[in-house]
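Notes follow once the structure below has been shown.
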Amino acid sequence: MVIKIHPVNPEPRLIGKAIEILRAGGILIYPTDTVYGIGCSVENKNAIEKIYFIKRQRQDKPYSFVCSDLKHISEYAHVSNAAFKVMKHLIPGPYTFILPATKMKHLPPILVSKRKTVGIRVPNSPITLALVRELGHPILSTSVSVENGEMNNDPDVIVEAFHNRVEMIIDGGMLTSEPSSVIDLTEETPRVVRRGAGDVEMLGG
């Protein structure tokens with residue numbers, strides 16, 4: 001199923017259709033503020049494993065997931081005062097934050113790294129944030145890649161490649177091909193792990 005949702009004012013009816021799929025254990029391709037993401041409910045282990053199969057990626061490399069705000073993040077990760085100051089300035093935005101995991105019993109082990117950390121995003125995308133808020137818990141976040149592992153943000157190409165592999169594709173038009181910047185906030189001093197979209201100069205990156 002392919003649907004178009006307004007990028008600024010997402011229609012509740014269409015968001016509701018996507019939520020039905022997520023709650024049923026389905027997989028969704030959706031636009032973020034950087035690239036297209038492929039995801040599912042973080043509470044559905046079978047769906048998460050299916051995404052690893054689709055992406056052909058080893059399960060010892062955890063994907064990140066999308067939260068709706070700082071309060072939501074604190075339910076799944078430990079946020080120090082230093083980390084809070086950084087994130088308050090940068091979210092919502094094109095950043096992935098690496099944080100110490102909390103409440104790991106509420107998350108499938110597949111989402112927690114060997115270091116007991118999690119990767120968390122709060123993208124500046126009304127569609128993505130509407131999905132997370134309506135679902136009530138995070139959704140998986142990993143970039144959509146086509147042949148040779150290259151990212152592609154042309155919805156027509158994505159539909160051709162994935163229409164028979166996922167339950168829904170949300171067409172949000174052409175997006176940037178630049179992934180999020182990754183910032184490690186597990187220590188007192190932030191560390192830029194990957195420079196991508198978004199300004200990281202303030203972090204010394």
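Linking ILVMFWY side-chain heavy atoms closer than 4.5 Å, directly or via other members, places Val157 and Leu28 in two distinct hydrophobic clusters. Under the 4.5 Å side-chain heavy-atom criterion for ILVMFWY residues, no single connected hydrophobic cluster contains both Val2 and Leu14. When hydrophobic clusters are built by joining Ile, Leu, Val, Met, Phe, Trp and Tyr residues whose side-chain heavy atoms come closer than 4.5 Å, directly or via intermediates, Ile29 is grouped together with Ile54. Residues Ile48 and Ile38 are members of one and the same hydrophobic cluster, defined by side-chain heavy-atom contacts under 4.5 angstrom among Ile, Leu, Val, Met, Phe, Trp and Tyr. Taking hydrophobic clusters as Ile, Leu, Val, Met, Phe, Trp and Tyr residues chained together by side-chain heavy-atom distances below 4.5 Å, Ile158 shares a cluster with Tyr63.
At distances below 3.5 Å, at least one donor-acceptor pair connects side-chain atoms of Lys55 with backbone N or O atoms of Ser143. The backbone N or O of Tyr95 sits less than 3.5 Å from a side-chain atom of Arg121, completing a donor-acceptor pair. Using modelled atom types, no side-chain atom of Thr117 and backbone atom of Pro100 make a donor-acceptor pair closer than 3.5 Å.
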Next on the checklist: Between His137 and Glu43, does the side-chain contact (heavy atoms from CB on, under 4.5 Å) criterion hold? Intermediate values first, please.
Outcome noted: CA-CA 8 Å; His137 58 260; Glu43 296 187 353; 3.6 Å; yes
Checklist entry - Yes or no on side-chain contact (heavy atoms from CB on, under 4.5 Å) for Thr142 and Ile51, after CA distance, side-chain angles and deciding distance? => result CA-CA 9 Å; Thr142 180; Ile51 289 176; 4.0 Å; yes
Checklist entry - Yes or no on side-chain contact (heavy atoms from CB on, under 4.5 Å) for Val35 and Val144, after CA distance, side-chain angles and deciding distance? => result CA-CA 8 Å; Val35 299; Val144 172; over 6 Å; no
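Tyr30 has its side chain within reach of Thr128: a pair of non-hydrogen atoms, C-beta onward, lies under 4.5 Å apart. Side-chain contact between Val118 and Ser64 is absent, with no heavy-atom pair separated by less than 4.5 Å. Within the 4.5 Å cutoff, the side chain of Val122 has heavy atoms near those of the Leu129 side chain.
Interatomic distance, Asp154 CG to Leu175 CG, rounded to the nearest 0.5 Å: 10.0 Å. In this structure, Tyr36 OH and Asn153 CG are separated by 7.0 Å, a value rounded to the nearest 0.5 Å. Summarising the geometry, atom CD belonging to Glu134 is positioned 5.5 Å from atom CD1 belonging to Ile19; distances are rounded to the nearest 0.5 Å. From Glu160, atom CD reaches atom CD1 of Ile169 across 11.0 Å, with rounding to the nearest 0.5 Å.
A salt bridge is absent between Glu187 and Arg191; no separation between the charged side-chain nitrogens and carboxylate oxygens falls under 4.0 Å. Taking a cutoff of 4.0 Å between a charged side-chain nitrogen and a carboxylate oxygen, Glu178 and Arg195 do not qualify as a salt bridge.
Side chains of Ser180 and Thr34: no donor on one and acceptor on the other come within 3.5 Å.
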